[in-house]
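Below is one structure, written out as structure tokens; the observations come after it.
Values below: all heavy atoms of this structure, side chains included; hydrogens, waters and symmetry mates excluded.
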Amino acid sequence: TADIAELNIELIRRFGVILRTMVCGWAIEIKIFEEYSLNTAELYVSLYMWYYMPASVHNILIHDADVIRFAILPIDQLSEEAQEARNKDFKNIREYHTRKMNRVVQNEDLFKMLIVSSDPNICSFRMIKSKKSTCTMLQHMDNDVRSLIELYHNNVIESDSKDDSDNSESFSD
């Protein structure tokens, strides 16, 4: 695709690394991420100075490190993905858990159920499927993305792999 569109493959790869890092769900090493993004912006400008950088690309490459630095929530939680995921709940609740007498009553029931289902205290009782260990997830991650993750720089991968080996020994007894 890069050959057909006559785009630099390194630039496309760097954009992919930045986007995957932003949605990985782990703390990002901000200084390294900022440097990587600025280097990518410089590469873009040096290769395609005849084409203005779109505002969305500019925001990601130049300003996302600041957004990550000052955001209360992790960057992946600021996306519309969570809202879109709730659409299934919305339809399910509206169809099976509301009174169908009139719109006012139906919307009232819907609103109450959505509040209940999003309450952090109530959600803490929900059974959550176990996730893979941090070590396993980091091993399957692209090396470039892994280098931008804070856990990787804090050697969590080593301590997590030791925990996994300790668990496997206790199961073999």
Side-chain angles (χ1 to χ4, degrees), residues 1-95 107 110-111 113-115 117-120 123 128-161:
T1 305
D3 290 339
I4 293 169
E6 296 179 4
L7 296 172
N8 183 291
I9 191 77
E10 176 65 16
L11 184 65
I12 293 172
R13 189 187 66 74
R14 290 180 75 93
F15 279 144
V17 168
I18 290 169
L19 293 174
R20 284 193 308 274
T21 302
M22 288 171 35
V23 300
C24 72
W26 286 308
I28 297 170
E29 190 66 45
I30 296 172
K31 289 181 182 179
I32 296 171
F33 181 80
E34 184 173 32
E35 182 180 325
Y36 191 86
S37 296
L38 290 175
N39 289 341
T40 303
E42 289 172 3
L43 177 63
Y44 179 93
V45 170
S46 69
L47 291 171
Y48 305 107
M49 60 192 245
W50 51 268
Y51 187 77
Y52 290 114
M53 185 181 294
S56 57
V57 174
H58 169 84
N59 286 337
I60 289 172
L61 295 180
I62 308 299
H63 301 294
D64 251 15
D66 291 332
V67 171
I68 293 167
R69 185 178 290 120
F70 296 113
I72 295 170
L73 294 171
I75 192 75
D76 65 320
Q77 291 184 5
L78 298 175
S79 71
E80 294 177 9
E81 188 175 330
Q83 180 182 354
E84 302 227 354
R86 291 291 287 179
N87 284 340
K88 291 181 202 172
D89 296 335
F90 178 85
K91 290 177 184 176
N92 186 359
I93 291 169
R94 190 184 68 222
E95 187 172 346
N107 285 338
L110 177 65
F111 186 70
M113 286 296 291
L114 287 171
I115 289 175
S117 67
S118 65
D119 184 284
C123 289
I128 299 174
K129 297 176 184 175
S130 64
K131 295 182 178 180
K132 296 179 182 177
S133 71
T134 304
C135 180
T136 305
M137 294 179 84
L138 283 172
Q139 286 173 349
H140 293 292
M141 192 178 287
D142 184 343
N143 287 335
D144 294 324
V145 175
R146 196 179 313 146
S147 69
L148 299 174
I149 302 297
E150 198 172 296
L151 292 175
Y152 187 72
H153 292 280
N154 293 337
N155 296 323
V156 171
I157 189 167
E158 291 176 13
S159 64
D160 197 12
S161 62

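Here the CG atom belonging to L47 is positioned 9.5 Å from the CG atom belonging to L7, to the nearest 0.5 angstrom. A distance of 5.5 Å separates OG1 in T1 from CD1 in I4, rounded to the nearest 0.5 Å. Atom CD1 of I60 and atom CE of M22 lie 4.5 Å apart (nearest 0.5 Å). With rounding to the nearest 0.5 angstrom, the CD1 atom of I93 is 4.5 Å from the OG atom of S117.
The two residues E34 and A65 have their closest heavy-atom pair at CB-CB, 3.6 Å. Shown here for I12 and A2, the closest heavy-atom pair between the two residues is CD1-CB, 3.9 Å. Between V145 and I149 the shortest heavy-atom distance is O-CG1, 3.2 Å.
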L38 vs L61, side-chain contact (heavy atoms from CB on, under 4.5 Å): CA-CA, chis, key distance, verdict: CA-CA 6 Å; L38 290 175; L61 295 180; over 6 Å; no
Verdict with reasoning, I115 to D119, per side-chain contact (heavy atoms from CB on, under 4.5 Å): CA-CA 6 Å; I115 289 175; D119 184 284; 5.7 Å; no
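Applying the side chain to side chain donor-acceptor pair (under 3.5 Å) rule to pairs touching residues 53-62 yields H58-H63, sequence neighbours excluded. Among residue pairs with one or both ends in residues 35-53, those qualifying as side chain to side chain donor-acceptor pair (under 3.5 Å) are R14-T40; sequence neighbours excluded.
Take R94 and apply the salt bridge (Lys or Arg N to Asp or Glu O under 4.0 Å) test, not counting sequence neighbours, and it matches no residue. Taking the side-chain hydrogen bond (donor to acceptor under 3.5 Å, both in side chains) definition, one finds that R13 meets it with E10, D144, sequence neighbours left out. Not counting sequence neighbours, N92 has no partner by the side-chain hydrogen bond (donor to acceptor under 3.5 Å, both in side chains) test. The side-chain hydrogen bond (donor to acceptor under 3.5 Å, both in side chains) search around N143 returns R146, not counting sequence neighbours.
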